[in-house]
Amino acid sequence: MKIPHSFYLSADVVSVSKSLLGKYLFTCINGLITGGYIVETEAYNGVIDRASHAFGNRKTSRTQTMFMEGGIAYIYLCYGIHEMLNVVTSVEGQPHAVLIRAIEPVTGIDIMQARRNMERVQPNITAGPGSLAKALGITRNLNGISLQSDALWIEDRGLSFTDEQIAAVPRIGVAYAGQDALLKYRFYVKDNRYVSKPNK
DNA sequence: GTTATGATCTCCT
DNA sequence: GGAGATCATAACG
């Protein structure tokens with residue numbers, strides 16, 4: 001059921017980002033399984049992408065996870081508050097990653113609701129990378145974990161979308177990246193309630 | 001050692 | 001529509 005390791009070794013992070021739409025993402029934290037299918041992603045295209053932490057081949061203790069072989073998770077803290085989940089792709093030495101921005105919840109919705117302190121289930125329970133990580137119980141101690149593990153993994157259950165159902169637009173929150181901020185590296189399923197709203 | 005800032009979200013007006 | 005939260009990271013001295 002888990003997507004094979006070879007899937008993540010593709011050199012084309014943009015097409016992997018697109019392919020991940022409709023795939024099922026799960027976590028098992030403290031024995032609690034939560035997950036759903038991915039409806040929004042963004043591609044971070046290695047050393048030539050100004051929006052990427054690894055731009056210019058910048059190797060630091062934080063970014064070393066991105067330089068490892070694909071098929072693992074890159075998780076980091078942003079704005080001092082939010083954990084972000086990325087899927088590392090391509091071969092060792094190529095710091096490509098896909099930011100998972102939103103899922104449509106399927107499994108363990110009550111658990112996600114409790115983690116988010118929400119009285120009612122609303123679409124924004126898993127819309128946006130920070131919310132998504134919180135709902136799934138993802139923290140930095142999962143940084144570098146294999147996607148073949150039993151704590152964090154992605155499955156293919158046969159769901160997929162056509163090009164007409166997928167929108168490609170510029171990424172969110174990367175205005176500092178100059179020209180690269182214009183690249184259409186954000187992909188989402190049109191008309192899905194769980195896609196994050198652009199914050200402005 | 002110090003400082004500026006961010007792949008964001010929530011609450012307030 | 002806008003500001004505050006809150007801290008690891010990276011660049012600089």
Side-chain angles (χ1 to χ4, degrees), chain A residues 8 13-14 16-18 20-21 25 36 38-68 70 72-90 94-105 112-145 147 152 154 167-188 193-200:
Chain A
Y8 302 105
V13 67
V14 175
V16 172
S17 301
K18 230 166 126 179
L20 282 173
L21 295 175
L25 170 69
I38 299 167
V39 296
E40 183 179 357
T41 62
E42 278 181 8
Y44 285 83
N45 193 19
V47 298
I48 59 166
D49 183 350
R50 300 191 89 87
S52 171
H53 293 156
F55 171 69
N57 212 32
R58 190 165 47 202
K59 290 179 188 168
T60 65
S61 54
R62 177 172 70 160
T63 63
Q64 63 173 341
T65 308
M66 296 179 82
F67 284 89
M68 293 194 252
I72 60 174
Y74 169 47
I75 300 162
Y76 75 97
L77 186 69
C78 191
Y79 296 105
I81 301 182
H82 303 292
E83 319 271 349
M84 306 257 176
L85 170 66
N86 296 254
V87 172
V88 177
T89 69
S90 194
Q94 287 293 329
H96 293 185
V98 179
L99 173 67
I100 309 298
R101 292 188 55 87
I103 67 171
E104 172 155 343
M112 297 191 241
Q113 193 179 346
R115 285 183 182 140
R116 297 271 285 125
N117 288 322
M118 293 175 73
E119 302 204 351
R120 298 179 184 181
V121 176
Q122 298 166 39
N124 68 1
I125 186 170
T126 52
S131 305
L132 164 66
K134 190 173 182 191
L136 293 181
I138 291 169
T139 61
R140 277 162 291 154
N141 55 33
L142 293 179
N143 184 40
I145 198 173
L147 297 177
L152 177 61
I154 302 176
V169 298
R171 291 171 291 186
I172 304 288
V174 294
Y176 60 87
Q179 285 295 314
D180 290 344
L182 304 177
L183 294 168
K184 293 184 176 180
Y185 280 178
R186 174 177 177 236
F187 301 98
Y188 65 90
R193 301 168 60 208
Y194 295 92
V195 171
S196 69
K197 308 265 194 251
N199 236 347
K200 276 187 183 173

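In this text, all values refer to a predicted model and were calculated from it rather than measured experimentally. The chains referred to below are lettered A, B, ... by the order of the sequence lines, with proteins before strands, and numbering in each begins at 1.
Residues from residues 127-134 of chain A that place a heavy atom under 4.0 Å from any atom of DNA chain B, listed by number: A:Ala127, A:Gly128, A:Pro129, A:Gly130, A:Ser131. DNA chain C is contacted by A:Leu77, A:Tyr79, A:Gly80, A:Ile81 of residues 77-84 of chain A, taking any non-hydrogen atom closer than 4.0 Å.
For the OP1/OP2 pair of B:dT8 and a distance below 4.0 Å, the side-chain nitrogens and oxygens of A:Arg101 include at least one atom meeting the criterion. An OP1 or OP2 oxygen of C:dT9 is reached within less than 4.0 angstrom by no side-chain nitrogen or oxygen of A:Thr60. Considering only side-chain N and O atoms, A:His53 lies under 4.0 angstrom from the phosphate OP1 or OP2 of B:dA7. The phosphate of B:dA7 has OP1 or OP2 within less than 4.0 Å of a side-chain N or O from A:Tyr176.
Applying the side chain to side chain contact (heavy atoms under 4.5 Å, CB included) rule to A:Arg58 yields the partners A:Thr60; only residues at least two apart in sequence or on another chain are considered. Under the side chain to side chain donor-acceptor pair (under 3.5 Å) criterion, A:Asn143 pairs with A:Thr65, not counting sequence neighbours. Residues meeting the side chain to side chain donor-acceptor pair (under 3.5 Å) test with A:Arg50, sequence neighbours left out: none. Scanning for salt bridge (charged side-chain N to carboxylate O under 4.0 Å, His left out) contacts around A:Arg115 gives an empty result, with sequence neighbours left out. Applying the salt bridge (charged side-chain N to carboxylate O under 4.0 Å, His left out) test to A:Lys134 and every residue at least two apart in sequence or in another chain returns nothing. Shown here are the side chain to side chain donor-acceptor pair (under 3.5 Å) partners of A:Tyr185, two or more places apart in sequence or in another chain: A:Asn45. The side chain to side chain contact (heavy atoms under 4.5 Å, CB included) test applied to A:Ala135 returns A:Met112, A:Arg116, A:Thr126, not counting sequence neighbours. Remark: A:Pro95 engages A:Val47, A:Ala54, A:Met66, A:Phe67 in a side chain to side chain contact (heavy atoms under 4.5 Å, CB included) (not counting sequence neighbours).
Between B:dC9, C:dA10, B:dA7, one nucleotide has an atom nearer to the side chain of A:Arg116 than all others, and that is B:dC9. The side chain of A:Tyr76 lies closest to B:dA7 when the candidates are B:dT8, B:dA7, C:dA10. If you check B:dT10, C:dA10, B:dG6 against the side chain of A:Asn124, the one that comes closest is B:dT10.
Residues in residues 78-87 of chain A take part in these side chain to side chain donor-acceptor pair (under 3.5 Å) pairs, two or more places apart or across chains: A:Glu83-A:Arg140.
Stem regions for DNA chain C, each three or more consecutive Watson-Crick or G-U pairs with both distances under 3.5 Å and listed by first number, read B:1-6 with C:7-12, B:8-12 with C:1-5.
Atom pair A:Arg62:CZ and B:dA7:P shows a separation of 7 Å (rounding to whole Å applied).
Of the possible polar contacts, none joining the A:Glu42 side chain to the A:Ile100 backbone as a donor-acceptor pair under 3.5 Å is found.
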